[in-house]
Colleague: 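Take a look at this one; I'll ask things after.
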2 protein chains.
Amino acid sequence: MRDNLTERSKQILEAIIEDYIVTAEPVGSRTVTRRHGLSLSPATVRNVMADLEEMGFLASPHTSAGRVPTDKAYRLYVDSLLGVRKVAREEREEIRKHCSLTGKDIGEVLHETSRMLSSVSHYMGIVVAPHFAANVLRHLEFVKLGGRRILVILVSQSGSVQNKIVETADDFSSNDLVRMSNYLNELLAGLTIAQVRNRLLEEMENAKTRYDALLSKALQLSQQSLPDKDSEVFIEGQSNILELPEFADVGRMKEIFRAFEEKGQLVGLLDQCLGAQGINIFIGAESRLSQMAGLSVITSTYMTGRNTLGVLGVIGPTRMGYAKVIPIVDYTAKMVSRLLEME
Amino acid sequence: MRDNLTERSKQILEAIIEDYIVTAEPVGSRTVTRRHGLSLSPATVRNVMADLEEMGFLASPHTSAGRVPTDKAYRLYVDSLLGVRKVAREEREEIRKHCSLTGKDIGEVLHETSRMLSSVSHYMGIVVAPHFAANVLRHLEFVKLGGRRILVILVSQSGSVQNKIVETADDFSSNDLVRMSNYLNELLAGLTIAQVRNRLLEEMENAKTRYDALLSKALQLSQQSLPDKDSEVFIEGQSNILELPEFADVGRMKEIFRAFEEKGQLVGLLDQCLGAQGINIFIGAESRLSQMAGLSVITSTYMTGRNTLGVLGVIGPTRMGYAKVIPIVDYTAKMVSRLLEME
DNA sequence: ATTAGCACTCGGAAATGATGAGTGCTAATA
DNA sequence: TATTAGCACTCATCATTTCCGAGTGCTAAT
């Protein structure tokens with residue numbers, strides 16, 4: 001079987017995909033000729049469609065329905081059929097409008113970005129916060145809470161803040177804490193969290209630091225307080241997909257909502273995107289996650305300088321409006337990158 | 001119409017409610033006699049049921065179905081029919097298990113609490129984080145990010161941390177920032193955030209501080225960085241309510257999910273509970289929110305000392321297992337209160 | 001190579017009917 | 001007088017049937 005599609009079959013396939021994207025109904029041969037200015041008879045189109053089905057680009061839900069694009073068809077569509085389009089002006093403005101840092105914390109900014117993505121795309125917005133461990137430590141601080149509880153605050157280069165409550169055996173004074181944090185800030189400045197972890201271990205082994213019991217304690221303490229959280233994920237606009245006819249049945253719905261409540265697997269998927277810079281698209285089953293059947297993900301990485309910080313994107317049905325959403329995701333990633341630029 | 005129910009009608013009403021809570025199906029006269037050891041004939045029960053309907057405790061979906069409790073019935077049920085019950089041992093253990101502070105930040109703790117509430121109750125767990133403004137400031141810190149951006153970190157007495165990025169006109173050195181934060185920490189220690197706000201205004205008016213330009217700037221800066229966020233809400237277990245038959249239809253689902261995506265109104269409802277200490281119950285339409293039709297909320301405040309910190313609870317269908325959930329919410333609130341006790 | 005024509009398929013909507021849980025009322029009963 | 005047995009009636013639910021038409025594949029004509 002030659003996988004070489006003629007120009008005409010490509011046109012027809014494209015017509016079917018685009019029709020299906022808006023209607024969500026199986027597309028018949030007649031509709032193709034009617035709604036798209038092809039000067040061909042339905043019968044001819046039928047022949048072509050039969051070929052396309054055999055090649056795996058189309059599927060028929062049953063004998064006498066029209067045809068529906070397969071994942072393979074969407075893949076072809078985004079890879080070669082779809083030209084590069086620009087972001088529409090109003091969309092660009094809506095995205096820009098949301099881009100401001102001042103008066104918020106990083107978490108909020110990303111959360112809002114996710115909400116914005118969902119509202120612009122009408123699907124679900126998703127943003128994965130910078131993986132803290134890959135970040136450079138900027139500042140560390142101990143604050144004494146009541147009792148033996150100490151609050152440890154870590155600030156990363158990109159301005160995100162993590163804090164942790166640690167219970168200690170010793171009762172440190174505020175002064176102790178100041179001394180400890182000064183010492184550690186000096187010791188650890190400019191290292192990534194991952195490096196910090198190693199550095200602490202080294203230093204603890206190293207006998208020469210033992211001369212000061214307090215500093216030795218400091219090492220222990222900071223060791224405990226390194227973040228072990230998995231990256232934060234913001235998913236917004238889940239109710240948008242309730243509107244989609246393909247998820248109208250309750251069983252399917254349940255599955256999806258369960259999947260998104262358990263964010264772990266999703267993170268796994270998105271972490272893959274961290275490696276590949278730029279736009280990344282998973283269509284339906286391509287993601288190897290059964291819960292993602294019928295869903296596509298469009299992501300892009302955002303970064304400062306040449307440090308990849310995180311991933312953001314849109315999740316929608318496989319029949320999502322790729323032509324519109326891809327540029328949106330791309331543009332948003334660029335804007336967020338610029339926003340987080342800390343020189 | 002005497003609203004005085006006889007002992008017998010109360011028993012029957014209770015039987016109907018409890019049956020409906022587990023089955024979610026209209027309850028017929030026959031079922032009442034069968035499943036609950038009442039030595040009465042269905043016919044008698046029917047008469048009583050007719051009375052109860054007239055009094056507004058029951059409703060019939062249609063002529064030949066059984067009857068369904070109204071909000072009024074549930075209200076009577078929780079207020080007078082329902083005895084005080086203890087938390088089951090396994091539940092108590094599951095709640096305890098989740099109660100640990102160390103190695104987490106306050107946000108995480110509350111988030112997990114919400115998740116725990118949902119998993120123990122099988123409905124939705126909800127936790128409103130302490131309203132920062134009502135909290136006492138413990139510590140304030142400025143961290144220089146790139147450019148003219150400064151990260152302001154506020155720590156409250158209860159150990160919760162807020163941070164904010166502020167863009168400044170002046171380019172402060174790290175030393176400046178240390179000096180500024182020392183000054184402010186001294187000035188503001190022990191005040192609630194609300195008081196801090198006032199104090200800053202006073203101080204800024206006050207000419208005597210003007211002798212030091214830097215400190216004057218510090219006041220401005222900290223003023224900008226006071227939190228204006230509305231309180232954070234953690235809602236977990238939304239997929240639990242997908243299991244409930246009464247929400248099986250897609251339209252109803254959509255409404256609910258939309259409502260919870262827009263957390264604002266919910267916060268309004270929960271803020272009312274902040275005033276009344278202890279358990280608080282809204283049944284169905286009582287909350288005056290149309291989106292809450294068919295849903296009940298059980299909340300309790302949590303606090304340290306005699307400072308109310310926030311609200312937590314469970315949202316479920318009006319036919320929720322009150323007998324089980326009320327003690328759970330009560331117990332959880334107590335545990336969280338104890339957990340956050342910072343002496 | 002394209003198209004008109006036609007028999008055929010099959011899901012979905014509407015119509016029909018049987019089932020049975022549940023009711024309200026009346027008259028008999030304790 | 002309160003309770004109950006009996007009975008006719010109601011009405012949602014479910015299964016069955018019927019009908020319709022969009023859409024197909026094939027064949028023969030263009």
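Heavy atoms only: backbone and side chains are in, while hydrogens, waters and symmetry mates are out. We name chains A, B, ... by the order of the sequence lines, and we start the count at 1 in each one.
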Colleague: With a 4.0 Å cut-off on N to O distance, would you call A:R252 and A:E255 a salt bridge?
Modeller: yes

Colleague: Please report the distance, rounded to the nearest Å, between CD1 in A:I16 and P in D:dG23.
Modeller: 12 Å

Colleague: Taking the side chain from A:T70 and the backbone from A:F57, do they hold a donor-acceptor pair closer than 3.5 Å?
Modeller: yes

Colleague: Could you check whether A:R258 pairs with B:E243 (Lys NZ or Arg NE/NH1/NH2 to Asp/Glu carboxylate O, under 4.0 Å)?
Modeller: yes

Colleague: CG of B:L52 versus C1' of C:dT23: gap in Å, rounded?
Modeller: 15 Å

Colleague: What are the atom names and distances for every N/O pair under 3.5 Å that joins the protein to nucleotides 28-30 of chain C?
Modeller:
none

Colleague: Could you check how far CD of B:E25 sits from P of C:dG20, rounded to whole Å?
Modeller: 17 Å

Colleague: When B:E53 is tested against each of B:K72, B:R67, B:R46 for salt bridge (Lys or Arg N to Asp or Glu O under 4.0 Å), which residue passes?
Modeller: B:R67

Colleague: Within a 6.0 Å radius of atom CZ on A:R75, are there more than 12 heavy atoms belonging to other residues, nucleotides or ligands?
Modeller: yes

Colleague: Using atom NE2 of B:H62 as one end and atom P of C:dG20 as the other, report the distance to the nearest whole Å.
Modeller: 16 Å

Colleague: Give me the stems containing DNA chain D, sorted by first residue, counting only three or more consecutive Watson-Crick or G-U pairs with both distances under 3.5 Å; say none if there aren't any.
Modeller: C:1-30 with D:1-30

Colleague: Cut-off 3.5 Å, side chains only: do A:E236 and A:H111 have a donor facing an acceptor?
Modeller: yes

Colleague: In whole Å, I'd like the distance from the CZ atom of A:R30 to the P atom of D:dG21.
Modeller: 13 Å

Colleague: Measure from CG on B:L58 to P on C:dG24 and round the result to the nearest Å.
Modeller: 11 Å

Colleague: According to a strict under-4.0 Å criterion, is A:R67 in side-chain N/O contact with OP1 or OP2 of D:dG23?
Modeller: no

Colleague: Does any donor-acceptor pair link the side chain of A:S64 with the base of C:dC10 at a separation under 3.5 Å?
Modeller: yes

Colleague: Contact class for A:S60 vs. all strands (heavy atom < 4.0 Å): base, sugar-phosphate, or nothing?
Modeller: nothing

Colleague: For A:D51 and D:dC26, what is the distance between atoms CG and C1' respectively, to the nearest whole Å?
Modeller: 15 Å

Colleague: Any donor and acceptor pair, going by atom type alone, linking the side chain of A:T23 with main-chain N or O of A:D19 inside 3.5 Å?
Modeller: yes

Colleague: Answer with yes or no whether the side chains of B:Q291 and B:Q265 bring together a donor and an acceptor at under 3.5 Å.
Modeller: yes

Colleague: Show the distances under 3.5 angstrom between N or O atoms of the protein and N or O atoms of nucleotides 2-4 of chain C.
Modeller:
from  : atom 1 : to    : atom 2 : distance (Å)
C:dT2 : OP1    : A:R8  : NH1    : 2.9
C:dT2 : OP2    : A:R8  : NH1    : 3.3
C:dT2 : OP2    : A:R8  : NH2    : 3.3
C:dT3 : OP2    : A:S41 : N      : 3.1
C:dT3 : OP2    : A:T44 : OG1    : 2.5

Colleague: Do A:E94 and A:S119 pair up side chain to side chain, a donor and an acceptor below 3.5 Å, judged on atom types alone?
Modeller: yes

Colleague: Could you label the plane-to-plane angle of the B:Y322 and B:Y77 rings as parallel, tilted or perpendicular, counting under 30° as parallel and over 60° as perpendicular?
Modeller: perpendicular

Colleague: Side chains of B:I16 and B:M49: closer than 4.5 Å at any heavy-atom pair?
Modeller: yes

